[in-house]
Number of protein chains: 2
Amino acid sequence: MPVLDEDEELTAVRVAELYYDEGRTQDEVGALLELSRWKVGRLLAQAREQGIVRIEIVHPRARRLGVERALRERFGLADAVVVPAPDDPTDSDDAETLARVAQAAADHLAAMRPVPRTLGVSWGRTLAEVADRLQPGWAHGVTVVQINGGVTLNRRPGTAASTAATIAQRADGQVVLLPSPAILERIQTKRAIEADRVVADALARARSASAYLFTAGAADDRSVLVESGYVSTDDVAELVRKGAVGDVLGRFVDADGNIVDPALDARTVGLGLDGLRAADTAILVVAGRAKHDIARTAVASGLCTVLITDDTTARALLEDS
Amino acid sequence: MPVLDEDEELTAVRVAELYYDEGRTQDEVGALLELSRWKVGRLLAQAREQGIVRIEIVHPRARRLGVERALRERFGLADAVVVPAPDDPTDSDDAETLARVAQAAADHLAAMRPVPRTLGVSWGRTLAEVADRLQPGWAHGVTVVQINGGVTLNRRPGTAASTAATIAQRADGQVVLLPSPAILERIQTKRAIEADRVVADALARARSASAYLFTAGAADDRSVLVESGYVSTDDVAELVRKGAVGDVLGRFVDADGNIVDPALDARTVGLGLDGLRAADTAILVVAGRAKHDIARTAVASGLCTVLITDDTTARALLEDS
DNA sequence: ATGGCGCCTGCTCATCTGAGCACGGCCACC
DNA sequence: GGTGGCCGTGCTCAGATGAGCAGGCGCCAT
C-alpha cells in the first residue's frame, strides 16, 4: 500500500470526517470533494492503515485481538487473552487491571472446550479474584485439584483452599485440597508430609490433571509468599540478588526460568515446573506492572500454553526481542 | 434506540472486535457467534451509538464536525471550525494549538465563497500566524483593510501592518493600512488623528468591508496591548477589577460584551464593536486556554458570525448553559 | 385465563461497498 | 526518439449492508 503524500493525506482526513463523523455515503463524499467513489474508498482504507482513522473498542471486557495474535505467534502459545489496561495512566491502578484480567480468565475458563475433567489450580490474590468471578454453573462436574501447598500461616486462613473450593463448587464438582504448607523449614519435614497418604494422593492427582490454571508472583515484598510468612523480606532480597524475578507455584526462578535456589525449591511442596511444561493446557493468569518480568520468564520458558493478561504486560512482553 | 442490557453489551463488544479488529464480514461474525446477520448489524450500530466503538480521526488538521455543529446551533453562527487540541494534556501546549487553529483559519479563508472584495483584518499574534500560513495565491485581488490601530510602540515594528500586508500580498491584492496607534493618550489627539484624511479614509473602508477577520485578547499581562505598551499591567488589573474579560479590536469588554471603560474606549482608534455586530461575515480566530472567557463573550454577544478555534475552547463554550 | 400491546426478530429489496481488471499517462531505459 | 513497464485511475460485478416490514413472542392488565 503506497504512502499518502501530504495533499492526499489532507483529503483523506476530509473524506474520513464526512464518512465517519457525518455519516455520508462514499459517493456522497465523492460528489462533495469531486473524487470518484473508488478513490474515496481507497483513501478510507489508507487512512485506516496509516492510523489517521483509529477505531477502538472502549469497554472493560473488550480484548486486544491484534496483540493476542502477536503473542501467539511470538511465543508459540495455543491461545492468549489480552484485556485493555484502564486509561488512567497516572497511578498504578492495579486493582482495576486485576479485575479485568480475572474476569477474562473466568470467561475463558467457562468457554473452554472440551471442559477439563480435572483442573489443577494454584492460589494467590489473582486466582481468588478469578474464582470469585466464575458464574455458578460455569461447568459441570469438574474436579479441582490444588497443585501447590498453601495452608496459610497468618491472615485469614484458607485463601488457598477456598479458591480451589469455590472453583469446584461453582462447577458442581469435587475439590481435592493439598493440606500442606507451601514451603517447609526442613527438607525432612517436607519428605514426611509428602509421604502422607492424603498429600501423596493429592500430588498424584495434580500431576495427572488435564489442565492447569495458575498465576505467578513477583519477587518483592508484596508477594503472597511474603505476606503468608513462608519467606521473609530478607529471603526475597537474597533471592533477587541471585537473579530471581518471581515465583511460579511457590518456586522462585531467574529470568531464564531456572530454579534460583535448589535447596529452597526442594523444601517447596507441590507440582514441579516440569509438570506445567509437560501439560497440554496450562493457563497463566497474570496482571499488573510488578509482574512483567516474571510474566516474560514464564511465557518465554514455556511454562504456559495460554496466557491471560493485560495490555500493558502484553506489550512489555512483545517489546523486547 | 433501546439501551443494551449487560449480556447484549458483551455480545456487542465481541461483535465489534470481530468486525473492526479482525475485519470479518457481518455474516461471518453472525455465524461465529450464532447470531443473525441483522442482529449483528444492529449491535454494531448500537455499539457505535453508545460509544463502545469509538471512531476517531487522529490528525492535526482534522476537524470536530460534531462540535462545530453544536456551536452553530447553540450560538446561531453561520459557520464554525474546530480543530483538535494536541493530546499532550500536561503543559499548556499553546503554541501547537495556535498553529493548528491558524492553519484552519488560513484554510477557511482560502475556501471562502464568494471571495470577499474587501477584507477587514485586526492584528495580533494569532493573525500573524494566520497570515503566515496563507498560501500565495490563496485568492486574487482582495483588498485588505486594517481595522484597528496598531503602530507598534516597541518590539519589532510593523507586526500589525505586516499582517495585513502579507494577507493582501498573497492574494495579489491591495492593502489599506490604518496608520495610527491603537490607543491614544488623550481624546483630543484621537479626534485629530481620525480627522486625518488617510486615517479617515482607512476607517471608512474598514466600515464598508465585505468580511472581517479578527482575533481577541485575554485581559492579562501577556496581551499584545500590554506588550506593545498601549496599556500597563496596572491598567489591566484595574480593567479586570471593573469586569473586563478581554479585548476585541483593542476594546475591553466585560462578560456581557459591554465596554468596560468608555473613556478608554473613546481613545481607541478603529472599527467599533457594532461594526462587527452588523457585519455579514465576521470571522473570529481564537486559540488557547487563556482566551476561553473572552471567546465566550465574543461569541455570545454576537461579535462574530464564524468562529475558528480549538477543541478545548469550543467545549468550554458549550459546557456552561 | 385471555386478549391486547409492544418489542424483538428475521426476511425482502434497494443501495452501498470492495476486489479484480483494463486503460492511459508517465518515467526510465534502451 | 522510441518502447516497455509501472503507477494511478475508473469501470464491472458480486458480495455486503441497511431500511422497511410482517410475524411471533412475552408481558401486563383485565
Side-chain angles (χ1 to χ4, degrees), chain A residues 1-59 61-66 69 107 111 135-137, chain B residues 1-59 61-63 65-66 69 107 111 135 137:
Chain A
M1 177 88 62
V3 190
L4 295 169
D5 70 26
E6 202 167 334
D7 269 353
E8 279 188 310
E9 188 171 307
L10 193 54
T11 323
V13 171
R14 296 283 103 91
V15 163
E17 284 166 355
L18 291 166
Y19 186 72
Y20 288 114
D21 277 9
E22 293 283 77
R24 313 292 191 118
T25 171
Q26 291 191 2
D27 28 359
E28 275 183 304
V29 176
L32 246 51
L33 301 183
E34 304 187 352
L35 300 166
S36 74
R37 191 164 73 66
W38 300 277
K39 182 74 183 163
V40 170
R42 261 166 255 198
L43 284 172
L44 284 170
Q46 287 167 93
R48 243 182 304 179
E49 195 110 354
Q50 302 198 11
I52 294 175
V53 168
R54 191 182 301 164
I55 300 183
E56 83 186 304
I57 299 165
V58 186
H59 196 281
R61 293 178 76 171
R63 287 170 53 180
R64 294 283 142 93
L65 266 25
R69 196 173 326 118
D107 290 348
Q135 296 285 334
Chain B
M1 179 86 62
V3 190
L4 297 168
D5 69 27
E6 204 167 331
D7 271 352
E8 278 186 310
E9 189 170 308
L10 193 54
T11 325
V13 172
R14 298 282 101 93
V15 163
E17 284 166 354
L18 292 166
Y19 186 72
Y20 289 113
D21 277 7
E22 293 284 78
R24 313 292 193 116
T25 173
Q26 292 191 4
D27 27 358
E28 275 183 305
V29 175
L32 246 52
L33 301 183
E34 303 188 351
L35 300 165
S36 73
R37 191 165 73 65
W38 299 275
K39 181 74 184 165
V40 170
R42 270 184 273 249
L43 284 172
L44 284 170
Q46 286 166 92
R48 243 183 305 180
E49 194 110 356
Q50 302 197 11
I52 294 174
V53 169
R54 190 184 300 164
I55 301 183
E56 86 187 299
I57 300 164
V58 187
H59 197 280
R61 292 178 76 172
R63 287 170 52 181
L65 266 24
R69 196 174 324 118
D107 290 347
Q135 296 284 333

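The model shown is predicted, which means the values in this text are computed figures rather than measured ones. Letters A, B, ... are given to chains in the order of the sequence lines, protein chains preceding strands, and every chain is numbered from 1.
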Using whole Å, report how far [atom1] of [X] lies from [atom2] of [N].
X     : N      : atom1 : atom2 : value
B:R24 : C:dG18 : CZ    : C1'   : 18 Å
B:E28 : D:dT17 : CD    : C1'   : 14 Å
B:Q46 : C:dT9  : CD    : C1'   : 13 Å
A:L43 : C:dG18 : CG    : P     : 12 Å
A:D27 : C:dT17 : CG    : P     : 6 Å
A:R42 : C:dC21 : CZ    : P     : 14 Å

Worksheet item: Does the side chain of B:K39 come within less than 4.5 Å of B:E8's, by heavy atoms?
Response: yes

Discussion item. Around atom CD of A:Q135, are there more than 12 heavy atoms from other residues, nucleotides or ligands closer than 6.0 Å?
Written reply: no

Worksheet entry | Under 3.5 Å donor-acceptor, A:E17 side chain and A:E22 backbone | no

Worksheet item: Quick one, which residues of residues 29-40 of chain A touch DNA chain C with a heavy atom under 4.0 Å?
Response: A:R37, A:W38

Worksheet item: side chain to side chain donor-acceptor pair (under 3.5 Å) with B:H59: which of A:Q50, A:E9, A:R14?
Response: A:E9

Worksheet item: Got a salt bridge between A:D107 and A:R61, using NZ or NE/NH1/NH2 to carboxylate O under 4.0 Å?
Response: yes

Taking only side-chain N and O atoms of [X], does any of them lie within less than 4.0 angstrom of OP1 or OP2 on [N]?
X     : N      : result
B:Q26 : D:dG15 : no
A:T25 : C:dT15 : no
A:Y19 : C:dT17 : yes

Worksheet item: Considering only C:dT17, D:dT17, D:dT9, which nucleotide approaches the side chain of A:E8 most closely?
Response: D:dT9

Fill in: With sequence neighbours excluded, residues passing side-chain contact (heavy atoms from CB on, under 4.5 Å) with A:E28
A:R24, A:T25

